[in-house]
Amino acid sequence: MIETLAKELAGEIRRSKEYEAYAAAKEKALADEQTAALLKRFHKLQMTVQARRMAGAEAGEEEEELKKLAELLQFSPDAADFLLAEYSLNKLLTDTYDAIARGVGIDFSEWGR
């Protein structure tokens, strides 16, 4: 039952304007090899910095590289559109997850999220 509902929810998300914008922007941004490589590096650095922050460590030079790469990617309309669409989709997914969690009595805001 829950798996069926989850598949239906996934279908609704795939039909959302956020996902459609994400899919189109991703295809366009990744069509260029240089942009694709920069985005791959950006996401890898993003994960590294986030993991270090969660561990309570300083991100250091990775954080500086991430900032510089983010600035560089803003000069590419395709990359900038993709990152904005990715953010919108992530917000939709986070809001959806939070709504499900609240529905079963879990409030992540109490955890300092």
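One is the number of the first residue; the rest follow in order along the sequence.
Residue Met1 belongs to a hydrophobic cluster whose other members are Leu5, with links defined by side-chain heavy atoms closer than 4.5 Å. Through side-chain heavy atoms spaced under 4.5 Å, either directly or across other Ile, Leu, Val, Met, Phe, Trp or Tyr residues, Tyr22 is tied to Leu9, Ile13, Tyr19, Leu30, Leu38, Leu39, Phe42, Leu45, Val49, Leu66, Leu69, Leu72, Leu73, Phe82, Leu83, Leu89, Leu92, Leu93, Ile100.
The residues Glu18 and Lys91 are annotated as not salt-bridged, no charged nitrogen and carboxylate oxygen being separated by less than 4.0 angstrom. A salt bridge links Glu3 to Lys7: one of the charged nitrogens lies within less than 4.0 Å of a carboxylate oxygen. A salt bridge between Glu12 and Arg15 is present, with a side-chain N of the basic residue lying under 4.0 Å from a carboxylate O of the acidic one.
Note that NZ of Lys68 is 10.0 Å distant from CD of Glu61, once rounded to the nearest 0.5 Å. Distance CD/Glu86 to NZ/Lys26: 8.5 Å, rounded to 0.5 Å. In this structure, Glu20 CD and Arg14 CZ are separated by 11.5 Å, a value rounded to the nearest 0.5 Å. For the atom pair NZ of Lys44 and CZ of Arg41, the computed distance is 6.0 Å after rounding to the nearest 0.5 Å.
The two residues Ala29 and Asp78 come nearest to each other via the heavy atoms CB-O, 3.7 Å.
More than 12 non-hydrogen atoms from other residues, nucleotides or ligands lie less than 6.0 angstrom from CD of Gln74.
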